[in-house]
2 protein chains.
Amino acid sequence: MSEKEISKAVITRLPRYYRYLGELLEDGVERISSNDLSVRMKVTASQIRQDLNNFGGFGQQGYGYNVKYLYAEIGKILGIDRQHNIIIIGAGNLGQAIANYANFEKRGFLIKGMFDINPRLIGLVVRGIEIRSVDDLEQFVKDNDVQIAALTIPKTKAPEIADRLVKAGIKAIWNFAHTDLSVPEDVVVENVHLSESLMRLSYRVCSIQDSEEERNRQSEIME
Amino acid sequence: MSEKEISKAVITRLPRYYRYLGELLEDGVERISSNDLSVRMKVTASQIRQDLNNFGGFGQQGYGYNVKYLYAEIGKILGIDRQHNIIIIGAGNLGQAIANYANFEKRGFLIKGMFDINPRLIGLVVRGIEIRSVDDLEQFVKDNDVQIAALTIPKTKAPEIADRLVKAGIKAIWNFAHTDLSVPEDVVVENVHLSESLMRLSYRVCSIQDSEEERNRQSEIME
DNA sequence: TAGATTGTTAATCGATTAACAATC
DNA sequence: TAGATTGTTAATCGATTAACAATC
């Protein structure tokens with residue numbers, strides 16, 4: 001019996017639950033009800049219970065959820081109880097920013113290597129991680145059991161590198177290049193399109209401004 | 001008559017339309033039907049037509065959409081025909097990565113200044129942008145008509161800086177800190193939670209692996 | 001036991017897709 | 001005119017919220 005498909009919306013919310021539970025844990029909170037959590041997170045308690053029940057009954061009637069237990073369970077669901085070996089392709093600022101973010105390692109994401117085509121970067125060491133030539137990519141992926149590649153390179157180079165990664169047996173691409181990648185269906189692509197994020201922000205700023213101006217115009221007419 | 005509310009899902013897709021239309025424009029394509037575009041973008045033609053018709057009738061029966069015109073119109077909708085003044089708070093790798101991404105300026109996002117608390121960074125110049133002390137934040141925002149602040153600082157510092165920005169009159173926060181911010185409702189927060197993105201990726205990798213293992217187990221049983 | 005709160009079913013709401021008349 | 005394709009209405013699908021019996 002293949003487990004029922006979990007909707008994308010639920011998966012998007014899981015890491016946020018995980019973050020809030022982690023904070024509760026740090027604050028020494030032992031248990032929490034879906035209602036209390038819903039107030040903190042500004043979502044409905046119904047949604048929290050529905051979301052969690054996709055994966056099992058983690059709570060207890062009359063008690064709520066044990067924070068430590070639920071935190072661990074969501075961690076398992078997200079797969080951050082396992083080790084993931086990562087490489088970063090593109091050792092520019094963005095690549096280095098990722099390499100320097102220590103918290104990823106706490107969650108089982110181990111950065112095994114960085115790659116670039118710039119000879120001036122090759123050989124440098126960032127946080128103990130050597131920057132290698134992209135020529136050595138395939139061999140390195142095979143030798144180090146690398147599952148995930150972060151792509152922090154210009155969009156022009158991304159499709160070719162993605163193809164090489166897929167052929168080398170990578171399982172997932174964390175894509176920061178401003179383009180869509182086409183990969184076989186058993187390879188995961190998670191896009192982080194920063195320029196699109198900034199445009200959404202722009203839209204929202206402008207639409208607030210516009211509606212304020214509209215309101216002002218309306219009130220002028222009323223006078 | 002306040003314009004009808006546009007759903008979040010539509011807004012999320014707009015920048016992607018904009019990107020594809022930009023590419024078509026570069027390739028010299030003059031017109032495109034919703035059907036052709038839907039094939040390229042791997043969405044339904046229905047969805048494209050519904051999405052666009054939230055903002056007006058940009059097409060023509062029997063012809064399709066004029067690429068150049070539609071590109072410009074979506075640009076206007078997204079507000080990237082206007083100028084947005086941005087500051088970056090946190091001049092680490094991530095802040096510098098954003099400062100160095102030239103394409104933002106092409107779309108009207110002008111980086112006016114960078115800020116940090118690290119004395120060793122203050123005074124440095126990145127791509128012509130001086131790194132200033134966070135002490136000067138409020139004055140700078142007022143003097144330079146800054147609307148948007150990118151927050152590339154640790155989560156512990158983010159809420160306090162966000163408060164200061166709001167008081168200084170900022171309109172939007174592009175939040176890279178791993179925490180939620182609470183701001184007045186006329187201030188926009190666009191979150192880029194990279195660690196959550198990586199967890200979603202992890203979930204998807206693991207769920208593919210698990211279902212493959214499940215399949216293997218099933219076929220063993222069948223033998 | 002009484003009170004609290006879950007897990008789960010049912011009702012509602014919203015988003016996506018299908019269909020087709022309008023029209024270029 | 002005939003063919004193509006939009007804009008838009010209607011049908012479907014899925015996600016969210018409400019409600020409540022089960023139960024700790």
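We name chains A, B, ... by the order of the sequence lines, and we start the count at 1 in each one. Just so you know, these numbers use all the heavy atoms, side chains as well, and skip hydrogens, waters and symmetry mates.
Side-chain contact, A:Tyr20 with B:Asp180: a donor N or O sits under 3.5 Å from an acceptor N or O.
Between D:dT17 and A:Thr44, a contact under 4.0 Å exists linking OP1 or OP2 to a side-chain N or O. The shortest distance between the side-chain N/O atoms of B:Tyr65 and the OP1/OP2 oxygens of D:dG7 is below 4.0 Å. Taking 4.0 angstrom as the limit, A:Arg13 places a side-chain polar atom (N or O) nearer than this to OP1 or OP2 of D:dT16. Note on A:Ser46: every side-chain N or O is 4.0 Å or more away from OP1 and OP2 of D:dA18. Of the side-chain N and O atoms in A:Arg49, one or more sit less than 4.0 angstrom from OP1 or OP2 of C:dT6.
Closest contact between the side chain of B:Gln50 and the listed nucleotides C:dT8, C:dT6, C:dT17 involves C:dT17. Nearest to the side-chain atoms of B:Ser33 among the listed nucleotides C:dT5, C:dT16, D:dT6 stands D:dT6. Among the nucleotides D:dG7, D:dT16, C:dG7, the one closest to the side chain of A:Asn53 is C:dG7.
Listed for the B:Thr152 side chain is a donor-acceptor partner under 3.5 Å among the backbone atoms of B:Ile89.
Looking at every heavy atom in both residues, A:Ile111 comes nearest to A:Glu105 through N-OE2, 4.1 Å.
At whole-Å resolution of the value, CD1 in B:Ile48 and P in C:dT16 are 13 Å apart. Distance CG (A:Asp36) to P (C:dT5): 7 Å, rounded to an integer number of Å. One can place CD of B:Gln60 at 13 Å from P of C:dT23, the figure rounded to the nearest angstrom. The CG atom of B:Asn35 sits 14 Å away from the C1' atom of C:dA19 (whole-angstrom rounding). Computed from coordinates, the A:Leu37 CG to C:dG7 C1' distance equals 16 Å when rounded to whole Å. Atom CG of A:Asn54 and atom P of D:dG14 are 14 Å apart (whole Å). In this entry the distance linking NZ of A:Lys8 with P of C:dG14 reads 22 Å, nearest Å. Here the P atom of nucleotide C:dA15 and the CD1 atom of B:Ile6 are 11 Å apart, to the nearest Å.
Comparing A:Tyr63 and A:Asp51, the nucleotide of DNA chain D nearest to each residue sits closer to the 5' end for A:Asp51. Residue whose closest nucleotide on DNA chain D sits further toward the 5' end, between A:Gln61 and A:Gln47: A:Gln47.
Classification of A:Lys142 and A:Glu138 as a salt-bridged pair fails, no side-chain N sitting under 4.0 Å from a carboxylate O. For B:Asp210 and A:Arg82, the salt-bridge test passes: some basic side-chain N is under 4.0 Å from an acidic carboxylate O.
Nucleotide C:dG14 has D:dC13 as its partner under the Watson-Crick or G-U criteria, with both atom distances under 3.5 Å. Pairing for C:dT5 goes to D:dA22, judged as Watson-Crick or G-U wobble with the two contacts each under 3.5 Å.
To the nearest 0.5 Å, the span separating CZ on B:Arg107 from NE2 on B:His84 amounts to 12.0 Å.
Residue side chain A:Ser7 does not reach the base of D:dA15 through any donor-acceptor N/O pair under 3.5 Å, judged by distance alone.
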